[in-house]
Each structure stands twice: as structure tokens, then as C-alpha cells.
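The block underneath contains the structure these notes are about, expressed in C-alpha cells.
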2 protein chains.
Amino acid sequence: MAIGIKISLNEGLYQRDPQETTLGQKIIKNSILLIDEIGLEAFTFKKLAQKMGSTEASVYRYFENKHMLLLYLVSWYWEWVSYLIDFNTMNIEDPVRRLRIIIKTLVSAQKENPAIDYVNESVLHRIIIAEGSKAYHIKAVDEENNKDFFFNYIQLTKKVAQVILEIKSDFPYPRALASNLFEMANNHIYFAEHLPRLTDVHVNDEDFSEVEQMLEFFAFSLLKCQKS
Amino acid sequence: MAIGIKISLNEGLYQRDPQETTLGQKIIKNSILLIDEIGLEAFTFKKLAQKMGSTEASVYRYFENKHMLLLYLVSWYWEWVSYLIDFNTMNIEDPVRRLRIIIKTLVSAQKENPAIDYVNESVLHRIIIAEGSKAYHIKAVDEENNKDFFFNYIQLTKKVAQVILEIKSDFPYPRALASNLFEMANNHIYFAEHLPRLTDVHVNDEDFSEVEQMLEFFAFSLLKCQKS
DNA sequence: TCTTAATAATAGCAATACTATCATAGATAA
DNA sequence: TTATCTATGATAGTATTGCTATTATTAAGA
């Protein structure tokens, strides 16, 4: 794993690029910890500033509001997963093996060696699981989609859909299967931990292997091919 | 469709039962319309009271806060879907046909003849699609789950999981498939309308037949059996 | 050394998320 | 019938949220 990757994100997501400054990095680092700790609803820029030893006004210079900060974190996460997928599937020809690696990466991204010291990938993963879908379940979804604010998620879907089509070129729902794998990966980790009667899998600590198995089962059953 | 069904919900969801009084019914009716209109984030009890010609304090006598109101609406919706499924699958023996009817009901519940005059089922359906998952993506999920606040969703999952097991008794993920069908039904209607590159299906107006087809394809491919 | 840019410190304001009190109108019970 | 009880309305008040604005200070660059 390379040190010092810069995750490249839509510039419209922030007012000032948080990756460029120490304060920006502190905002990212502490917002991840604080959202995880108290939840998105209770999270405010004032509390964040207090935790960081900075001020509300300074946080507002980086992000327009907490929704944009969430969108930034979500985009960061999916871009990072996308990077991991590229890295882990490099030089692998067989699309079936590529899809298996994609699924593994989806559920265990947080276990990779941390790439960037101001992002706790494991905690960020929890946030994506618990709050991620709130980033696009908003009234202004069309407007923000026009500004390409969901670019990273959509690109990743496209990438995985292409692998699916390599496996079975006439599969009728490649993008739906791809996005569903992402949603299921997160939902069923959440269900296993909080609403266990909505799923059949179990997780303990950070062992998500049952989720991985289930996603493989779903994907390869639909693609009517054996895991190789 | 019977007139005057009373949807029975966990009493912990409300302070005073809104189904019992005119004001309560007005709160349900207008909150559905207002959340749909301005979105959950912008929705407040003050705005609701203004729209209704009542007061903030009166609304608080029915619901502790807007989260509980959302949870009430979501529970109401799933209980109603559950009722429709029971009604529509009555006297049908073949579990494969039952599952097809369940899927149809999931995507087109809002088209059934309205059962209750103070609930606009079509608008409520839009709210569930756009905001429904926020009902359980909250910090207090475990606490609320202990109070059985997600009872209706969990029961419905159980019911559908049983049908799945009737089709294929050794299917390893009956509850996960059931809950995934619900999530997909809502997500892909939302995606088709707002983030079309995350799906392969299209919807126009209230024609969700492509979503229905896709869910059938997913379910029956996984269950490795033909639609009958 | 001068200038600029970034941050801190502080204030302020409108809206939100409630809680409390009191008045009143309608239904119910004595 | 009167008394009372209950639901709602009317009003007020408080702490917090979600910002914006102003000024001071500090660090970095020219």
C-alpha cells in the first residue's frame, strides 16, 4: 500500500480542500470520530470545533454544511474502495476472480493497511454503513447529481458492472447487481449488528466473512456460474 | 378492499394514538404531504402545525419528535403492505405464485384502492422510498429495537422468508433475500428516478413493472426455479 | 520587511426543538 | 343542571442549531 495517496474528489464538495492543510485534515479526522461517536443527527460543526480545539467558523470555511461534509466522507470512502479494487485486481485476467476480489474488498476495505494517517478507515467504514445512504436520500438529489456529487459511487458501480458483463455479457442487470452488492454489503453488516432478524449472517468484531460468502452466493447464483 | 381497517401499531411509537382522533388523523395526513413536499430534513412540527392550522404543542401531544413520527409512518406502511400481501395471497397454495404476488405488492402497493381516507398511500410510498431507511439508521437503533419499534418490518421479513423456505427449504439466506427484496424495491425506484446510472430499470409515472420484473429475476434466479 | 492568507475569537441572528402555562370549548358524569 | 374533565389552542420561554459577519492575530510568502 502506497503512503501518501491523494484521493481526488469533485471540487464542488468542499469550500477549501481539506486534504491540503493541517486544519483540513484535522476536520476530516475528527469529524469521522465524532460522527461515529454521537451519530450524524447529533453531530454539529460547533461540537466538532470544540473537540478539535478550533472554531465553528473555521469549519465552515472548509465545508458548506454537515451534509456536504458527509458527502465528502462518503465520496472519499468509495474512491478509496475503488483504488483498493484496482490495486487488488491488478494483473488478474479472470473476471470471476476479479469479482470475488471486489466482494472481498467491499466488506473488508477497512482492514487494509491505512493509507492516510488522518483517516481512520475502520471508523469511516462504520459511518458509511450507518449513515452512508443519507448522502443521497435528500431533497436536492437531482441538483447535486447534476453537479456530479455522486460521481465516485456511480463510477464504482460502472466499474463493477463491467466486470459482471465480462463474466456474462448478456446479464440483464449489471449496474443493479453492482449497486446492490454495495448496498447489501453495508446493510447486512448493519443488520447483523443491530437488526439480526433482517438477515441470516453473523458478524463478530470485524470478521465479515459470512457477509462476503453471502454476497458471493448471491452474485454467482445470479450469474449462474461456479466460483473458480 | 375493506373500508375502515385499523392498522395496529406498537403503542410506544406515539404519545396519543393518532388514528383515534380527528386531529391525529390530520397530523398523519398533513405530515405525509409535507414531508413529501419539502423533505424530512426541512420538515418541522411548526411548519406542519401551520399547514394544518393547529399548533406545535398539539402535534407534540401525539408524537415525541419527528423521528417518532417517521417511524410511525414507516411502520404504518409496512403493516399495510403486510395486510395487502395477506389479502392478495389468500387461498393461494403455490409458494412460487405467492412470492410473485408479494413482489408485485411490494412495488405497487400504492396503486391499491386506498383503504383509509387520511392516508394518501401513493405519497406515503414516495416517502418510504426516499426517507424510509432513515427510520432505523439512527444512533438509538438497539434501544428502539428492544422496544420492538421495528416490529412490522421484521415481521414482514419473517413472513416473506417463510414463503422463500416453502419454495426451497434449504435456501441458506431466506431473511436476507426477503429484506433485500424490500430494499431493492425501494432503492431501484429511487435510482431509476434520480440516479439512473445505479440501475438498469426505468420507471415512468407510476409504472414500476420493470422493477417488478427485475425483482422476480433476482429472486427466482437465486431460488433456481422457473416462474410458474 | 511588508503583505497576504489562514485561523481564532467573538458576536449576533433567525430557526429549531422542545417544555410549560393558562384559557376555552365540548363532551361526560353527578 | 351543574360540575368536571379532556383535548386543543394560544402564548411564552429556553437552549441549541445553523449559520454569517467582524475583527484580531499569527504564520507564510514576496
Side-chain angles (χ1 to χ4, degrees), chain A residues 11-31 34-35 37-73 118 131 134-135 137-140 143-144, chain B residues 11-31 34-35 37-73 118 131 134-135 137-140 143-144:
Chain A
E11 293 184 4
L13 295 175
Y14 48 79
Q15 310 277 101
R16 194 194 303 293
D17 187 349
Q19 292 185 100
E20 298 269 295
T21 68
T22 331
L23 182 65
Q25 296 178 1
K26 269 176 69 183
I27 290 173
I28 300 306
K29 177 179 182 154
N30 288 281
S31 63
L34 189 55
I35 292 173
E37 194 186 323
I38 65 177
L40 186 68
E41 275 66 42
F43 173 87
T44 68
F45 279 6
K46 187 164 210 165
K47 289 175 189 165
L48 172 62
Q50 272 157 3
K51 186 186 177 79
M52 290 168 50
S54 179
T55 66
E56 216 182 342
S58 296
V59 179
Y60 274 103
R61 281 190 206 101
Y62 282 83
F63 293 101
E64 206 184 326
N65 51 45
K66 89 173 162 184
H67 167 247
M68 292 309 295
L69 173 55
L70 175 67
L71 201 45
Y72 183 92
L73 296 176
Y118 56 88
E131 321 277 10
K134 294 174 190 171
H137 280 121
I138 44 159
K139 204 65 192 171
E143 204 183 310
E144 295 191 2
Chain B
E11 294 184 4
L13 295 175
Y14 46 80
Q15 311 278 105
R16 192 196 304 291
D17 187 348
Q19 292 184 100
E20 299 270 296
T21 68
T22 330
L23 182 64
Q25 296 179 2
K26 269 176 70 182
I27 289 173
I28 300 305
K29 177 179 181 153
N30 288 281
S31 63
L34 189 56
I35 292 173
E37 193 185 322
I38 64 177
L40 187 67
E41 276 66 41
F43 173 87
T44 69
F45 280 5
K46 186 164 209 166
K47 290 176 190 165
L48 172 62
Q50 272 157 5
K51 185 186 179 78
M52 290 168 51
S54 179
T55 66
E56 217 181 342
S58 296
V59 179
Y60 274 102
R61 285 190 197 103
Y62 282 83
F63 292 102
E64 205 184 326
N65 51 45
K66 89 172 161 185
H67 167 246
M68 292 309 295
L69 173 55
L70 175 68
L71 202 45
Y72 182 92
L73 296 176
Y118 55 89
E131 322 278 8
K134 294 173 189 171
H137 280 121
I138 43 157
K139 203 63 193 173
E143 204 182 310
E144 296 191 2

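Per chain, numbering begins at 1; letters A, B, ... match sequence-line order.
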In whole Å, I'd like the distance from the [atom1] atom of [X] to the [atom2] atom of [N].
X: Leu40(B); N: dT16(C); atom1: CG; atom2: P; value: 13 Å
X: Gln50(B); N: dA15(C); atom1: CD; atom2: C1'; value: 11 Å
X: Leu69(B); N: dT16(C); atom1: CG; atom2: P; value: 16 Å
X: Lys26(B); N: dT8(D); atom1: NZ; atom2: P; value: 10 Å
X: Leu23(B); N: dG26(C); atom1: CG; atom2: C1'; value: 15 Å

[N] phosphate, OP1 or OP2: any side-chain N/O from [X] under 4.0 angstrom?
X: Tyr62(A); N: dT7(C); value: yes
X: Ser54(B); N: dG9(D); value: yes
X: Thr55(A); N: dA9(C); value: no
X: Arg16(A); N: dT7(C); value: yes

Check: In the 5'-to-3' direction, what one-character label does each nucleotide of nucleotides 16-30 of chain D receive under the scheme B = base within less than 4.0 Å of a protein heavy atom, S = sugar-phosphate only, - = no such atom?
Finding: -SBBBB---------
Next item on the list: For Gln25(B) and Tyr118(B), indicate whether the former's side chain and the latter's backbone hold a donor-acceptor pair under 3.5 Å.
Entry: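 Checking the backbone N and O of Tyr118(B) against the side chain of Gln25(B), no donor-acceptor pair under 3.5 Å is found.
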Note to self: Whether the side chain of Gln15(A) engages the backbone of Phe63(A) through a donor-acceptor N/O pair (distance < 3.5 Å, no angle test) should be reported.
What the structure shows: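 It does not hold such a pair.
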Check: Are any of the side-chain nitrogens in Glu41(A) or Lys134(A) under 4.0 Å away from the carboxylate oxygens of its partner?
Finding: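 A salt bridge links Glu41(A) with Lys134(A).
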Note to self: Looking at every heavy atom in both Val59(B) and Ala49(B), which two are closest together, and how far apart are they?
What the structure shows: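 Taking Val59(B) first and Ala49(B) second, the nearest heavy atoms are CG2-CB, 4.3 Å.
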Check: So do the side chains of Ile35(A) and Leu73(A) get within less than 4.5 Å of each other, counting heavy atoms only?
Finding: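 Side-chain contact under 4.5 Å: yes.
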Next item on the list: Sorted by first residue and then second, give each salt bridge (charged side-chain N to carboxylate O under 4.0 Å, His left out) pair with at least one member in residues 45-57 of chain B; sequence neighbours left out.
Entry: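 Applying salt bridge (charged side-chain N to carboxylate O under 4.0 Å, His left out) to every pair that reaches into residues 45-57 of chain B, excluding sequence neighbours, yields Glu37(B)-Lys51(B).
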